[in-house]
Novice: 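Mind looking over this structure? Questions follow.
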Amino acid sequence: MPKFRKVIVRSPASTANLGPGFDVFGMALEHPYDKVTIKLTQSNKVEIEVHGVSSNTIPCDPFRNTAGVVAGQMLKEFGLNLGVSIKIEKGVPPGVGLGSSAASAAAVAFGLNELLGLQLDHKDLIRFSAKGEVASAGSEHADNVSAAVCGDFVIIRSYDPIDVIHLKAPPNLGVCVAIPKIQTLPKKTEKARAVLPVEVPMKKVIHNVGHAAAMAVGFALGDVKLIGRSMHDVVVEPARASMIPGYQIVKDAAIKAGACGATVSGAGPSIIAVVDENDHTSESVMEAMKKGFRKVGVDAEVFSTKPGKGVSLIWAK
Ligand code: HSE
């Protein structure tokens, strides 16, 4: 017996990797977010409508849409003979490295859990949401979905079995985001994963392990400067930098303007920079990032945000 017939859910954007934590670190953002309405129907089908930011680029076919894949999988696993209607109001722009597909996937996993009173825990919600990532990215990486489910900062200690560690982000952590207005290829994340090295020299492993460990400590201690200076990756970032025009110029400009660190957000092409709000505002960093992109003839949308909470219920009946 369903607990509700209709729920409205808010699900956040997220940034993955944070430099050295490829497929391991994720952080939910306060803005932007998706608003997703989920209803039970008599149709025995999963039906999807997508509105909002760049919604014309998102498939409504439930087998190709990340939210549809999650709903289909949950109905199948729980043996439920029900229909589901999903209306997605996109706030998180797709294809820019801000966890857009993860936001929709987490919204549906969380929303169906609420509707049906399934009492799933974070681990289950992450497992179902990660299935949706296959539809959009071709792989079951769980960094964005874990951040969207749990909020704040997450570390995926293990994928099999899934074990996610969740830490609060420091209140003085500001996040500047620059989204370059460049043409991205379809299946962008799959392509950005295909350029990664298959083997990594030990020297680079040592660098990344050191930086990843220090970043985790930065979150545990609430030390924004340590988080920022740990944001340096010598494995994935160099491979992807060439896909983002002006990457090094923008990163250097952000740091010169007072950011503690900057890196590619997820699979890009967005760049994120972190700011210690105790001694800096985000304005100069955002401006520097915009100017950096302009130097290479690229217009960019810039905004500032903060770490944010995970997926949550707005309304239920
Ligand atoms: N960790 C993933 C990647 C995130 O960098 O490919 C993609 O959103």
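Being a predicted model, the structure only gives us computed values, none of them experimental. Indexing begins at 1, ligand by ligand and atom by atom, following the structure's order.
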Novice: Below 30° counts as parallel, above 60° as perpendicular, anything between as tilted: where do the rings of F219 and F153 land?
Specialist: parallel
Novice: Report the nearest protein non-hydrogen atom to atom 8 (O) of ligand 1: residue, atom name, distance rounded to 0.1 Å.
Specialist: N144 OD1, 2.9 Å
Novice: Taking heavy atoms and a distance under 4.0 Å, where does D23 meet ligand 1: side chain, backbone, both or neither?
Specialist: both
Novice: Considering non-hydrogen atoms of the protein only, which is the closest contact for atom 3 (C) of ligand 1, and what is the distance?
Specialist: R193 NH1, 3.3 Å
Novice: Surrounding NZ of K191 (heavy atoms of other residues, nucleotides or ligands, distance under 6.0 Å), is the total greater than 12?
Specialist: yes
Novice: Using 0.5 Å steps for rounding, measure from the NZ atom of K290 to the CZ atom of R294.
Specialist: 6.0 Å
Novice: Are the side chain of K306 and the backbone N or O of P171 linked by a donor-acceptor pair below 3.5 Å?
Specialist: yes
Novice: Any sub-3.5 Å donor-acceptor pair from S100's side-chain atoms to V92's backbone N or O?
Specialist: yes
Novice: Between N17 and ligand 1, which residue portion shows a heavy-atom distance shorter than 4.0 Å: side chain, backbone, both, or neither?
Specialist: side chain
Novice: Just need the protein heavy atom nearest to atom 7 (C) of ligand 1, so name the residue and atom and give the distance.
Specialist: H141 NE2, 3.4 Å
Novice: Could you tell me, atom by atom, which parts of ligand 1 come under 4.0 Å of a heavy atom of R240?
Specialist: 3 (C), 5 (O), 6 (O)
Novice: Just to check, does E133 reach to within less than 4.0 Å of ligand 1 when the distance is taken from its heavy atoms?
Specialist: no
Novice: Is there a chain of hydrophobic side chains (I, L, V, M, F, W, Y, each step under 4.5 Å between heavy atoms) that links V250 to V264?
Specialist: yes
Novice: Mark up the atoms of ligand 1 that fall under 4.0 Å of a heavy atom belonging to D143, in ascending order.
Specialist: 1 (N), 2 (C), 4 (C)
